[in-house]
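We count ligands from 1, going down the list as the structure has it; atoms in each ligand are counted the same way.
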Amino acid sequence: MKSKIKTLNELLTSKQISALELTNKYIENINVLNPKLNAFITRTNEIAIKTANKVDKKIASGESISLLSGIPMCIKDNISTKNIKTTCASKILGDYSPIYDAFAVESLYDEDAVILGKANLDEFGMGSTCENSYYGATLNPFDIGKVAGGSSGGVASAVSSNMSVFGLGTDTGGSIRQPASFCGCVGLKPTYGSVSRFGAIAYCSSFDQIGPITSSVYDAAIVLDAISKKDKRDSTSIGLDYLSTKTINNDIKGKKIGIPSAFFNGLTQNIDSKIKTALKEFEEMGATIVEINLDILESVLPVYYILACAEASSNLARYDGIRYGHRANVYSDIDELITKTRDEGFGSEVKKRIMLGNYVLSSGYYDAYYKKAQILRNKIINEFDKAFENVDAIITPTVASTAFKSGDLTKSSVDMYLTDIYTVPINIASLPAISIPCGYDDDNMPIGMQIIGNRFCENTILNLAYKYEDKNSDKIYKEPSFWRE
Ligand code: GLN
């Protein structure tokens, strides 16, 4: 698949299309498709048109433009945008507009990317289906009876259905990679520290990362290059000191790819065979496939859900109805103001996690849960470190299934948590990973393959993903069945 961003950039710079025409085309796509897919919470047509006009002026005056200039895109609605509503798909932030932009958003404004709007998500990023949204569920363009995945389901659905060329998501335990996998997109979760979290509304601060969802591997590299600079407003920001687009087409001969067999148990036949076929392709290109032992699956979900809920309970304490967001109408004192506001403002999944987080942090249970989870987190990190002494990358399925039917997982939180088993270890160990389509199941639903790299080695996984995509693009990219009528 040729880079969509590069193709559009060529059309813009050769004046075959103006930035305004391109933007209007995407606005029209959203007008037609969004009522059915519900990928957008807020639309920003005026800002989009203003940026498009600015880009057209630059082109007309002969000024050179960057690859992202004039490219229509969307932003997950838990990433702060100055003077644009940023709801986190929650009632509690229903009319909240930040007074500053996230670092990643600033970076995209610097490039004159065209912001079409804010995309739907599971409330505060908590979920795996994009159904836990105060603004209704986002649907999957490959089958509108199925979920888009979550929590960045709005971005994935928008990119998959061509309502957006690319989008920014956040990934705390799989929220970029899992919806990308369900909607047939590419999703990149950067190393913890590669992209500044300044302006990313915190869910679990030690796992959260911002990253791109795109329709090709090259596009993911272009966006990553634009947003991965060091930022002093996030003390964990390190940035990347290279451009991934420079090395993306390097020969992958001699690269060693590790396969943890435990990650391949209990997959449906289709997913197993599609990934095994992909591994053969890597071998044909000169990479070596080796079995590795990654003995972590038993502990990853408890560790993730204990730590994520603990941090969430603390991060979400700020929504008290006093400083910003929703405030209960009727209350008799300050305690009632806070409790009523939180009761009315948060959805049930968020409340569940706040309670779980408070429980594992409470004095009698701190050692038994929170501390133990931190010890196990270190063990998981060590397991990955050992594996990366011998391999350049690790390949697993992104999810053990393709997109499930809407409503299937809303009944049981535990079933929903189980779907995250292959994605959460990456956040626990602060690693980068990319999900790339590798085929389709019998129902024509996309299957995602996850390529995991060592810390700050985004260039390695983008290179592997690009080479695989280059050889297989006609097999792995299909237009969603749900298309413009
Ligand atoms: N599904 C996971 C959760 O509910 C991951 C979400 C995310 O990455 N934001 O926490």
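- Using the six-membered ring where Trp is involved, Y366 and Y370 have ring planes that are tilted, between 30° and 60° apart.
- Listed by chain and number, G125, M126, G127, S128, S151, D171, T172, G173, G174, S175, Y203, Y304, Y305, R353, D420 each place a non-hydrogen atom less than 4.0 angstrom from ligand 1.
- For Y369, the ring-ring contact (aromatic ring centres under 6.0 Å, His included) criterion is met by Y359, not counting sequence neighbours.
- Among pairs with a residue in residues 426-442, none fulfils salt bridge (charged side-chain N to carboxylate O under 4.0 Å, His left out), at least two apart in sequence or across chains.
- Relative ring orientation between Y417 and Y305 is described as parallel, the plane-to-plane angle staying below 30° on a 0-90° scale split at 30° and 60°.
- In this structure, F182 has its ring center closer than 6.0 angstrom to the ring center of F404.
- For K276, the salt bridge (Lys or Arg N to Asp or Glu O under 4.0 Å) test picks out D272, with sequence neighbours left out.
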